Structures are given as C-alpha cells and as structure tokens.
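All residue numbers refer to positions in the sequence shown, counting from 1. Quantities reported herein were computed from a predicted structural model and do not represent experimental measurements. Every heavy atom of this structure was used, including side-chain atoms; hydrogens, water molecules and symmetry mates were not.
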Amino acid sequence: MTDLPTRRSRRLAEVSRAREAAAAPATVAIDLRAPAPVPEIVTGRRRGRSTPEGTRVMGILNVTPDSFSDGGLHLAVDAALDHARHLVATGADLVDVGGESTRPGAERVPVDVEQQRVLPVVQQLASEGIAVSVDTMNASTAERAVELGAVIVNDVSGGLVDPDMSRVVAETGAGFVVMHWRGHSDRMYRNAEYTHAVEEVRREVELRVAELIVLGVRQEQVVIDPGLGFAKRGRQNWEILAGYERFASIGLPVLVAASRKRFLDGVGSTAGAPPADRDLATAAISLLAAERGAWGVRVHDPAPTRAVLDVWDAWRAARS
C-alpha cells in the first residue's frame with residue numbers, strides 16, 4: 001500500500017502541473033486545409049434551363065420495400081437505375097436515393113442493409129454524370145455515398161440521429177438538406193403539437209442550423225426543409241406552405257417536399273385514390289414554391305412538375 005507522505009507528494013505534484021498549465025498561453029489547433037468546395041448543384045447554376053438560378057427538381061428514388069407510394073418497385077439495382085434514368089429524362093435535375101422508408105410508422109433499417117441498397121446505385125449514377133443526393137440519417141452511409149459521388153446529403157433528422165453526421169458534412173463539403181424533425185416515423189405524430197406551427201418550426205430549424213454551424217458545417221452547404229408530413233398533421237402542413245416566406249427569411253435555400261403526401265389526399269383528386277393521383281397537386285405546389293423562390297422541390301414524378309415550371313419559365317422569359 002502507498003504510504004500517506006508519498007500520496008501527498010504525488011498530489012502536490014499534480015496541483016503544481018495544473019497551475020503551470022493554467023498559466024501557460026492557450027494554444028488553438030488551426031486546420032490549414034482548404035475547405036472542400038460546395039457542389040454547384042447547391043450554390044451554382046442549373047444547367048440547360050432557361051432560368052439559370054431557377055428551382056431544382058429533385059427526383060425521388062426509393063430503393064426500399066415499404067415506402068408509402070412506390071415501395072418495392074425499385075428495390076433491385078437494375079430497376080433502381082432504370083427508374084433514376086427515367087427521372088432524369090422526364091425532368092429531374094438530381095436524383096435523391098434512399099434505402100430506408102420514413103413513411104408514418106416505419107421502423108429503422110440496419111445500416112448495412114441500407115448501404116447494400118443505395119451504394120451501388122449511387123456509384124453507378126454518379127459515374128454516368130447524374131447529380132445524386134443520398135437520403136440517409138446515418139453518417140457512415142452519407143460518408144461512403146459522397147466518396148462514391150453523391151453531392152448532397154438529405155437527412156430528414158437534420159443530423160440529430162447520428163452525431164457524426166455534422167463531421168461528415170463539414171469534412172466532405174457536401175450539400176446538406178436539414179429537415180425539421182421531431183422524432184422517428186414510428187412516433188413522430190405524438191409530437192405534432194403546435195401553438196403556432198409556422199413560427200415554432202421556423203425557430204427549431206433556425207436553431208438546428210446554428211448548432212450545425214458551430215459544429216463546422218458551413219452556411220453555404222445548407223438547404224433547409226420545413227418537413228411537410230413529419231410530425232405535422234393535415235392542416236399544419238398547409239399552414240407551413242402558406243408561411244413559406246417565414247422560412248425563406250432565414251436566408252438559406254429552401255426545399256419543398258410535398259410529393260404525394262397524405263395531406264394532399266382529395267385535393268385535386270378523388271379522396272382515397274392511390275398516392276400517384278396526387279401528382280397534379282404536387283405539381284401545383286411545385287409551381288407555387290418556385291414562384292416564391294424555392295431552391296428545390298422533391299417529387300416522385302418529375303414530368304408534371306417540369307411541365308408547369310417550363311411554362312412558367314416561358315411566361316417569365318416573354319416578359320423580360
């Protein structure tokens with residue numbers, strides 16, 4: 001056993017070293033590496049469109065068996081690739097590849113399963129020159145997807161699920177879609193309680209972005225998404241859309257992701273009809289979002305959205 005004088009001398013030595021350290025000037029580690037460039041699809045011009053800074057169309061590719069609208073249709077790699085090419089051919093500026101359903105009530109998918117679904121698709125599409133976004137809450141999936149060519153990480157949790165996501169985004173320079181989130185799909189509706197939905201969602205999004213910037217994500221990497229359908233019930237989604245300008249006033253690009261969601265049921269289509277019947281309502285929202293300056297709209301079927309945006313482009317071009 002160590003005797004008391006020896007323990008006392010060791011403790012005095014520890015105190016002395018602590019005092020010396022406190023008196024020494026603070027050193028700050030400075031990272032001299034140049035930051036990774038933010039992808040042009042986030043900050044730059046849209047190629048081949050009459051409105052260079054116009055609204056981007058993000059085509060949805062669900063490589064899942066259980067997504068609410070098209071689960072199982074594109075689960076095989078070849079089927080996913082064929083559909084992605086179709087999305088681009090019919091008007092998508094980029095393709096959002098996801099391997100985990102976030103429909104209401106959905107359960108989490110193991111990371112290795114998610115990666116088996118999405119990474120081969122991301123790699124092939126990127127090799128063909130298609131702009132790819134990866135729809136994931138897992139930092140390891142995001143990191144690997146960016147290594148394979150994805151240019152945007154679309155995280156419905158805004159980086160809250162995986163604490164390593166902010167590091168991945170900061171280090172890679174990828175675009176980062178930060179969605180408003182109040183919990184996983186299997187319990188999010190328990191948290192759909194708001195006194196004033198627009199202001200509360202706006203405040204929570206703004207706070208999350210501030211936290212990400214502190215963690216090293218650059219402001220120019222961020223696109224915000226108010227999270228239609230996530231922890232929001234029918235009318236609350238319409239309030240969010242009607243309050244679009246409040247989100248735009250944050251000063252960051254805005255993604256509107258209304259496509260085929262439940263709150264559109266019976267609006268411009270027969271109530272209870274299949275989700276695909278909501279594509280015209282989706283296109284109408286895309287146009288209204290574009291008129292208000294949205295960075296992008298996320299849609300299952302780009303064709304009707306591209307049609308209304310091209311008409312709007314032609315109308316505006318004739319007035320200039």
Side-chain angles (χ1 to χ4, degrees), residues 37-61 87-88 91-98 130-135 142 146 150-159 169 172-181 198 201-202 204-206 208-210 212-213 217-230 237 240-259 261 282-300 302 304-306 308-310 312-313 316:
V38 179
E40 187 181 20
I41 193 75
V42 178
T43 60
R45 292 175 174 268
R46 292 167 56 231
R47 294 185 178 89
R49 304 297 178 193
S50 61
T51 51
E53 304 299 337
T55 299
R56 293 145 181 82
V57 177
M58 178 185 282
I60 299 169
L61 177 57
L87 291 172
V88 173
D93 295 298
L94 67 157
V95 175
D96 190 39
V97 183
I130 294 173
V132 178
S133 167
V134 60
D135 179 359
V146 174
V151 293
I152 293 175
V153 176
N154 179 14
D155 183 347
V156 299
S157 80
V169 173
T172 62
F176 191 33
V177 177
V178 177
M179 198 191 80
H180 176 259
W181 189 77
V198 172
V201 172
R202 183 190 189 280
E204 290 170 27
V205 168
E206 197 168 26
R208 183 58 191 147
V209 171
L212 288 166
I213 290 173
V217 177
R218 286 171 285 153
Q219 180 173 315
E220 60 266 30
Q221 291 177 260
V222 176
V223 174
I224 60 174
D225 177 352
L228 296 168
F230 287 81
N237 295 290
I240 296 295
L241 287 170
Y244 175 89
E245 286 77 7
R246 292 294 294 146
F247 297 98
S249 70
I250 293 174
L252 294 169
V254 179
L255 174 67
V256 175
S259 186
K261 289 185 176 176
T282 298
I285 289 174
S286 296
L287 176 58
L288 293 168
E291 284 184 318
R292 286 154 180 78
W295 170 87
V297 289
R298 183 176 182 272
V299 301
H300 290 84
T305 282
R306 175 54 61 202
V308 297
L309 295 184
D310 284 349
W312 184 54
D313 280 351
R316 291 197 302 164

Residue list, side chain to side chain contact (heavy atoms under 4.5 Å, CB included) with Leu288, at least two apart or on another chain: Glu291, Arg292

Applying side chain to side chain contact (heavy atoms under 4.5 Å, CB included) to Val256 and Leu241, what does each step give before you reach the verdict? CA-CA 8 Å; Val256 175; Leu241 287 170; 4.0 Å; yes

Determine yes or no for a side-chain-to-main-chain donor-acceptor pair under 3.5 angstrom, with Asn237 supplying the side chain and Leu228 the backbone. no

Considering residues at least two apart in sequence or located in another chain, which fulfil the side chain to side chain contact (heavy atoms under 4.5 Å, CB included) criterion with Ala290? Thr55, Leu309, Trp312

What pairs with Glu220 under side-chain hydrogen bond (donor to acceptor under 3.5 Å, both in side chains), at least two apart in sequence or on another chain? none

Identify the heavy atoms of Ile213 and Gln219 that sit nearest to each other, and give their distance. CD1-CB, 4.2 Å

Please assess Asp93 against Arg306 for the test salt bridge (Lys or Arg N to Asp or Glu O under 4.0 Å), listing each intermediate value before the final yes or no. CA-CA 10 Å; Asp93 295 298; Arg306 175 54 61 202; 3.0 Å; yes

Applying side-chain hydrogen bond (donor to acceptor under 3.5 Å, both in side chains), can you list everything that pairs with Ser286, at least two apart in sequence or on another chain? Thr305

Would you name the heavy atoms of Ala174 and Gln221 that are closest together and state the gap between them? O-NE2, 2.8 Å

Distance-minimising heavy-atom pair for Gly158 and Phe176: C-CZ, 4.0 Å

Restricting to pairs with a member in residues 246-258, which pass salt bridge (charged side-chain N to carboxylate O under 4.0 Å, His left out), not counting sequence neighbours? Glu199-Arg246

Nearest heavy-atom neighbours spanning Gly175 and Val42: CA-CG2, 3.7 Å

Can a donor-acceptor pair be found, under 3.5 Å and without considering hydrogens, that links the side chain of Arg298 to the backbone of Leu255? no

Donor-acceptor pair, distance only, cut-off 3.5 Å: does the side chain of Trp181 make one with the backbone of Phe230? no

Return the CG to CG distance between Asn154 and Asp96, rounded to the nearest 0.5 Å. 4.5 Å

Side chains of Val134 and Val97: closer than 4.5 Å at any heavy-atom pair? no

Pro39 and Val151 have their tightest heavy-atom pair at CG-O, 3.1 Å

Let's go through Phe247 and Val198 carefully: what are the C-alpha distance in whole Å and the side-chain angles of both, what is the deciding distance for side chain to side chain contact (heavy atoms under 4.5 Å, CB included) to 0.1 Å, and is it a yes or a no? CA-CA 8 Å; Phe247 297 98; Val198 172; 4.1 Å; yes

Could you report the tightest heavy-atom contact between His300 and Ser259, atom names first, then the distance? ND1-OG, 2.7 Å

For Pro302, which residues count as a side chain to side chain contact (heavy atoms under 4.5 Å, CB included) partner, sequence neighbours excluded? Val57, Leu87, Thr90, Ala92, Val299

For Val209 and Ile250, run side chain to side chain contact (heavy atoms under 4.5 Å, CB included): C-alpha distance rounded to whole Å, both residues' side-chain angles, the deciding distance at 0.1 Å, then the answer. CA-CA 10 Å; Val209 171; Ile250 293 174; 5.8 Å; no

Where at least one partner belongs to residues 250-259, residue pairs that pass salt bridge (charged side-chain N to carboxylate O under 4.0 Å, His left out), sequence neighbours excluded: none

Among residues at least two apart in sequence or on other chains, which ones pass side-chain hydrogen bond (donor to acceptor under 3.5 Å, both in side chains) with Ser157? Asp155

Sequence neighbours excluded, which residues qualify as side-chain hydrogen bond (donor to acceptor under 3.5 Å, both in side chains) partners of Arg202? Glu206, Ser249

When rounded to the nearest 0.5 angstrom, what distance separates CD1 in Ile152 from CE in Met58? 5.0 Å

